[in-house]
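Some notes on the structure that comes next.
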Amino acid sequence: MMKQKKLLLEILFCETINCSSQITVKNLLQHKSGLRDCFADDERFFADIKKYPNRDWNWNNILEKYFKYNLHKKGLFKPGESFYYSDTNYVLLAIIIEEITSKKYSEVLEERILNPLSLNDTYLEFHQNKKGFIPIIFPYHGTNSLKNINTSFDWGCGGIVSSTKDLNVFMRSLLTGQVFNDIKTLKQMINFDDGSIIASEKKKKIKYGMGIQQKKIGEHNFIGHNSAYGGMVFYHVESDTSLVLNINQVIAPHKADWLLKKTVEAYFS
């Protein structure tokens, strides 16, 4: 374990300069660390998953692949200089949670969020027992179903099974100040004026806070997040409107965006 933790001191090289010690928790939350994505930035990762579909994943073997593929030597920029969405940030944040609490990430998730909000359909898949009675609709990668794939690698990156009802309750609870003890924490989280801007192909801007984004659709600003499987959970504070949808498709996130836009246009027309 000590050897593996020491690897974190070499997780980011910008050209030949070791920038690992410059990464802050804020950088991780805002995706300003400069770290490569441990899943998306090397096709060998998913090739390995397909080859060994029943493998159990944890942060140790996730980062083992990260270093094996030399992603640590391919830093995109120095911490704080730009924006790049990377699930590696969430892997490190989950590790930090476990270090601070001396508990498993899944236990902290249950104690601090799932149980207090009575999210009875929601659990960290492969790391917690299944909850609720709602059948699971498994996502696809193109024409390939992920039903028989062990996706425990998602861990701190969003490997959560939930329901429309629970997602609605969570996002409303979060943005109406029911999750954090101090309202200042929420204000920091939804501060979208700190320079984290995702520019789409059509030059539309999506602002990113700390683990959450603001998406402008027409004249309406929605706050929430999307998932790698085409899921969307967004809340419009002014009209007290939440939108939850999922197309269960990894390779077509633009279609989920299109569906969200059309739904908003229809609702507010």
Side-chain angles (χ1 to χ4, degrees), residues 1 5 8 23-33 38 56-60 62-63 85-134 136 151-192 194 196 208-214 223-229 231-235 237 242 244 246:
M1 178 68 77
K5 287 181 180 178
L8 298 178
I23 300 173
T24 66
V25 170
K26 185 177 181 180
N27 291 153
L28 298 175
L29 287 166
Q30 292 184 318
H31 294 284
K32 288 185 171 185
S33 66
C38 49
D56 284 321
W57 293 89
N58 54 57
W59 72 264
N60 295 294
I62 291 172
L63 291 183
Y85 192 97
S86 171
D87 274 331
T88 309
N89 295 316
Y90 287 128
V91 172
L92 298 185
L93 286 166
I95 293 172
I96 291 171
I97 289 172
E98 293 196 336
E99 281 293 300
I100 291 174
T101 64
S102 298
K103 296 179 179 180
K104 291 181 179 180
Y105 167 63
S106 57
E107 293 175 351
V108 178
L109 189 67
E110 185 68 35
E111 290 174 7
R112 300 204 176 193
I113 298 177
L114 306 186
N115 188 48
L117 296 180
S118 298
L119 303 181
N120 299 321
D121 299 325
T122 305
Y123 58 97
L124 188 61
E125 192 177 25
F126 295 102
H127 299 277
Q128 286 183 286
N129 293 327
K130 181 180 178 181
K131 294 160 74 175
F133 301 96
I134 300 175
I136 297 176
T151 56
S152 55
F153 56 84
D154 267 338
W155 190 53
C157 311
I160 293 175
V161 172
S162 191
S163 63
T164 301
K165 177 179 71 68
D166 276 9
L167 289 172
N168 175 45
V169 169
F170 170 72
M171 192 55 68
R172 285 172 174 269
S173 299
L174 174 65
L175 295 176
T176 55
Q178 299 176 53
V179 172
F180 299 117
N181 291 328
D182 190 340
I183 194 65
K184 292 179 182 178
T185 307
L186 175 61
K187 289 181 178 179
Q188 284 185 311
M189 185 179 190
I190 59 174
N191 176 15
F192 300 110
D194 202 18
S196 293
Y208 206 91
M210 295 188 188
I212 200 165
Q213 64 179 256
Q214 183 186 76
I223 299 175
H225 217 285
N226 50 278
S227 80
Y229 300 131
M232 295 276 183
V233 184
F234 282 90
Y235 182 65
V237 178
S242 55
V244 182
N246 198 340

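When a residue number appears, it is its place in the shown sequence, counting from 1. Just so you know, these numbers come straight off a predicted model, no measurement behind them.
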Would you check, one step at a time, whether the test side chain to side chain contact (heavy atoms under 4.5 Å, CB included) holds for L186 with V179? CA-CA 9 Å; L186 175 61; V179 172; over 6 Å; no
*asked:* With side chain to side chain contact (heavy atoms under 4.5 Å, CB included) as the criterion, how do F180 and L174 come out once you've worked through the C-alpha distance, each side chain's angles and the decisive distance to 0.1 Å?
replied: CA-CA 8 Å; F180 299 117; L174 174 65; 3.7 Å; yes
Apply side chain to side chain contact (heavy atoms under 4.5 Å, CB included) to N168 and T164, showing your working. CA-CA 6 Å; N168 175 45; T164 301; 5.5 Å; no
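Rounded to the nearest 0.5 Å, atoms CZ (R112) and CG (N181) are 9.0 Å apart. One distance of note links CG of L109 with NZ of K103; it measures 12.5 Å at 0.5 Å rounding. Taken from CG in L114 to CG in L119, the straight-line distance is 5.5 Å, to the nearest 0.5 Å. Rounding to the nearest 0.5 Å gives a distance of 8.5 Å between OG of S162 and CD1 of I134. The structure places CG of N226 at 10.5 Å from CG of N246, a figure rounded to the nearest 0.5 Å. Note that the CG atom of N89 and the NZ atom of K32 stand 12.5 Å from one another [nearest 0.5 Å].
Judged by distance alone, the side chain of D121 and the main-chain N or O of S163 form no donor-acceptor pair under 3.5 Å. Between the side chain of S152 and the backbone N or O of W57, at least one donor-acceptor pair lies under 3.5 Å. No donor-acceptor pair closer than 3.5 Å links the side chain of S173 to the backbone N or O of Q178.
Take A94 and apply the side-chain contact (heavy atoms from CB on, under 4.5 Å) test, not counting sequence neighbours, and it matches Y105, W155. Checked against salt bridge (charged side-chain N to carboxylate O under 4.0 Å, His left out), R172 has the following partners two or more places apart in sequence or in another chain: D240. Residues meeting the side-chain contact (heavy atoms from CB on, under 4.5 Å) test with V25, sequence neighbours left out: L29, L93, I96. Applying the side-chain contact (heavy atoms from CB on, under 4.5 Å) criterion to K26, with sequence neighbours excluded, gives T24, Q30, D194, M210. Looking at residues two or more places apart in sequence or on another chain, you find a side-chain contact (heavy atoms from CB on, under 4.5 Å) between I136 and Y123, K130, F138, V161.
The minimum heavy-atom distance linking C157 with F153 is given by the pair SG-O, 4.5 Å. Residue S118 comes nearest to D166 through the heavy atom pair O-OD1, 4.3 Å, listed as atom of the first residue, atom of the second, then distance. The shortest heavy-atom contact between T88 and C38 is OG1-N, 2.8 Å. Nearest approach of H127 to S106, heavy atoms of both residues: O-OG, 3.8 Å.
Proximity of I95 to L63: side-chain heavy atoms (C-beta onward) are separated by under 4.5 Å at one or more points. Under the 4.5 Å side-chain criterion, counting only non-hydrogen atoms from C-beta, T122 is not in contact with I113. Looking at heavy atoms from C-beta onward, Y90 lies in side-chain contact with D87 at the 4.5 angstrom threshold. With a 4.5 Å cut-off on side-chain heavy atoms, Q128 and E110 count as touching. Side-chain atoms of Y229 and T151, non-hydrogen and from C-beta on, do get closer than 4.5 Å to each other. Contact check for I212 versus F192: side-chain heavy atoms found under the 4.5 Å cut-off. Taking the side chain as every heavy atom from C-beta outward, K104 and E98 approach each other to under 4.5 Å.
The stretch residues 183-192 participates, sequence neighbours left out, in no side chain to side chain donor-acceptor pair (under 3.5 Å) pair at all.
A distance of 6.0 Å or more separates the ring centres of H225 and Y235.
By the neighbour-count criterion of 12 heavy atoms within 6.0 Å, atom CG of D182 is densely surrounded, having more than that number from other residues, nucleotides or ligands. Within 6.0 Å of atom NZ in K131, more than 12 heavy atoms from other residues, nucleotides or ligands are found, so the atom counts as buried in its surroundings.
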